[in-house]
2 protein chains.
Amino acid sequence: MKATDSPAEPSSYSISELAREFDITTRAIRFYEDKGLLSPARRGQTRIYSPEDRVRLKLILRGKRLGFSLDESREIIDMYDPAHGNVEQLQRLLLHIGQKRAQLQQQLRDIESLMGELDDAEGRARAALQLNTDS
Amino acid sequence: MKATDSPAEPSSYSISELAREFDITTRAIRFYEDKGLLSPARRGQTRIYSPEDRVRLKLILRGKRLGFSLDESREIIDMYDPAHGNVEQLQRLLLHIGQKRAQLQQQLRDIESLMGELDDAEGRARAALQLNTDS
DNA sequence: GCAGGAGTTTACGTTAACGTAAACGTAAGC
DNA sequence: GCTTACGTTTACGTTAACGTAAACTCCTGC
């Protein structure tokens with residue numbers, strides 16, 4: 001029993017398979033394609049999604065959970081690409097990476113403080129429940 | 001020299017003061033009021049913001065950085081309020097707090113993986129730069 | 001006494017991210 | 001041969017979160 005005995009990854013997906021898996025509509029998936037975030041293969045008219053396409057879709061949805069716009073998600077996805085050749089572009093990429101990192105660090109701080117406040121709120125709510133249910 | 005010798009907190013703010021401080025427009029601030037997220041005092045027609053109003057505004061903007069809608073931010077802000085009296089409401093509040101916590105934990109995971117990928121991308125970019133600038 | 005600056009209300013415009021619906025093609029099952 | 005399921009394109013509708021502009025009031029400095 002090797003590690004590759006796992007469920008076995010499909011070599012392609014239909015649009016509705018992906019829609020079901022990620023709980024979004026096919027309309028949304030086509031919309032992402034319109035916006036240039038996906039470009040699946042075609043058999044005739046029908047779209048055929050590769051495992052790589054599926055990964056890109058996951059990245060898009062992760063971006064959404066972090067509050068990114070589709071444009072921002074596209075930029076992030078583009079960072080994984082082959083190095084865009086020329087030096088100036090690479091330096092802009094490094095700059096961009098630095099900015100994203102700073103944004104994520106701010107989000108970490110924001111989450112930390114919000115978490116603390118949720119703890120407080122939960123404490124107060126539990127205390128109030130005690131008062132209300134004490135006989 | 002006591003701790004209270006710090007810059008000294010104003011006891012009230014004008015709308016344009018807040019707009020400048022947080023780098024947003026007065027239009028946005030009034031919009032938040034329309035949506036029920038703020039309710040500043042008035043002197044005549046003019047809005048006067050208390051330090052508490054200012055805190056609420058900060059919470060709204062933190063919510064935005066985390067990708068929350070204004071409705072979500074309002075719900076979160078409402079969690080700090082006096083305990084809403086009855087038991088059922090308190091239990092709904094606890095449930096809601098749990099859900100938000102779960103969402104924040106997902107965001108933490110998302111940020112962590114994205115950070116790792118940014119590291120990779122930066123590594124590749126730096127490597128490509130080496131190749132291009134090596135004489 | 002009036003120009004300039006800050007504030008107000010009212011209202012229409014705009015962008016992003018899809019939703020919804022129409023009208024059609026194609027392949028499978030009965 | 002007809003329905004049912006799944007796919008397609010095209011196009012108009014919708015919601016959130018403001019932007020922009022008009023028309024007005026109220027103070028302040030000169």
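Computed from heavy atoms alone, side chains included, the values below leave out hydrogens, waters and symmetry copies. None of these values were measured; they are calculated from a predicted model. Just so it is clear: chains get the letters A, B, ... in the order the sequence lines come, proteins before strands, and each one is counted from 1.
- Between E33(A) atom CD and dT8(D) atom C1' the separation is 11 Å, expressed in whole Å.
- Between the P atom of dT15(C) and the CZ atom of F31(A) lies a distance of 14 Å, rounded to the nearest Å.
- The distance between atom CG of D71(A) and atom P of dT15(C), rounded to the nearest whole Å, is 13 Å.
- Distance from the side chain of S16(A) is smallest to dC6(D) among dC18(C), dC18(D), dC6(D).
- The shortest distance between the side-chain N/O atoms of K64(B) and the OP1/OP2 oxygens of dC18(D) is below 4.0 Å.
- Regarding contacts with the backbone of dT9(C), a side-chain N or O of R47(B) is found under 4.0 angstrom from either OP1 or OP2.
- Checking dG19(D), dA17(D), dG19(C) against every side-chain atom of T25(B), the shortest atom distance belongs to dG19(D).
- Between I29(B) atom CD1 and dA17(D) atom P the separation is 16 Å, expressed in whole Å.
- At a threshold of 4.0 angstrom between heavy atoms, the contacts of T26(A) with the nucleic acid are absent.
- The shortest distance between the side-chain N/O atoms of S14(A) and the OP1/OP2 oxygens of dG7(D) is below 4.0 Å.
- Between the C1' atom of dC18(C) and the OH atom of Y32(A) lies a distance of 8 Å, rounded to the nearest Å.
- Electrostatic pairing of E9(B) and R54(B) does not count as a salt bridge here, judged by no charged N lying under 4.0 Å from a carboxylate O.
- Counting non-hydrogen atoms under 4.0 angstrom, R42(A) reaches the backbone sugars and phosphates but no base.
- For I15(B), counting side-chain heavy atoms from C-beta on, the closest listed nucleotide (dC18(C), dG7(D), dT8(C)) is dT8(C).
- Atom CG of D34(B) has more than 12 heavy atoms from other residues, nucleotides or ligands within 6.0 Å.
- In this structure, CD1 of I48(A) is placed 17 Å from P of dC6(D), rounded to the nearest angstrom.
- No more than 12 heavy atoms of other residues, nucleotides or ligands shown are found within 6.0 angstrom of CZ on R43(A).
- Among the protein residues, F68(B) comes within range of no part of the nucleic acid, since none of its heavy atoms lies under 4.0 Å from any strand.
- Toward the 5′ end of DNA chain D lies the nearest nucleotide of Q45(A), the other residue of the pair Q45(A) and R27(A) mapping further downstream.
- In the displayed structure, E21(B) atom CD is contacted under 6.0 Å by more than 12 heavy atoms of other residues, nucleotides or ligands.
- Distance, E75(B) CD to dA16(D) P: 13 Å, rounded to whole Å.
- Of all nucleotides listed (dA17(C), dG7(C), dC18(D)), dA17(C) comes nearest to the side chain of L70(A).
- Judged by closest nucleotide on DNA chain C, R20(B) is the one of D34(B) and R20(B) placed further toward the 5' end.
- Spacing between atom CZ of R43(A) and atom C1' of dT26(C) amounts to 12 Å, rounded to whole angstrom units.
- Remark: Q99(B) CD is packed, more than 12 non-hydrogen atoms of other residues, nucleotides or ligands lying under 6.0 Å away.
- The side chain of A28(B) approaches dG19(D) more closely than any other nucleotide in the set dC18(C), dG19(D), dG7(C).
- Among the atoms of the strands shown, base atoms are found under 4.0 Å from some heavy atom of R30(A).
- Checked for salt-bridge contact, K100(A) and E75(A) miss the test: no charged N lies under 4.0 Å from a carboxylate O.
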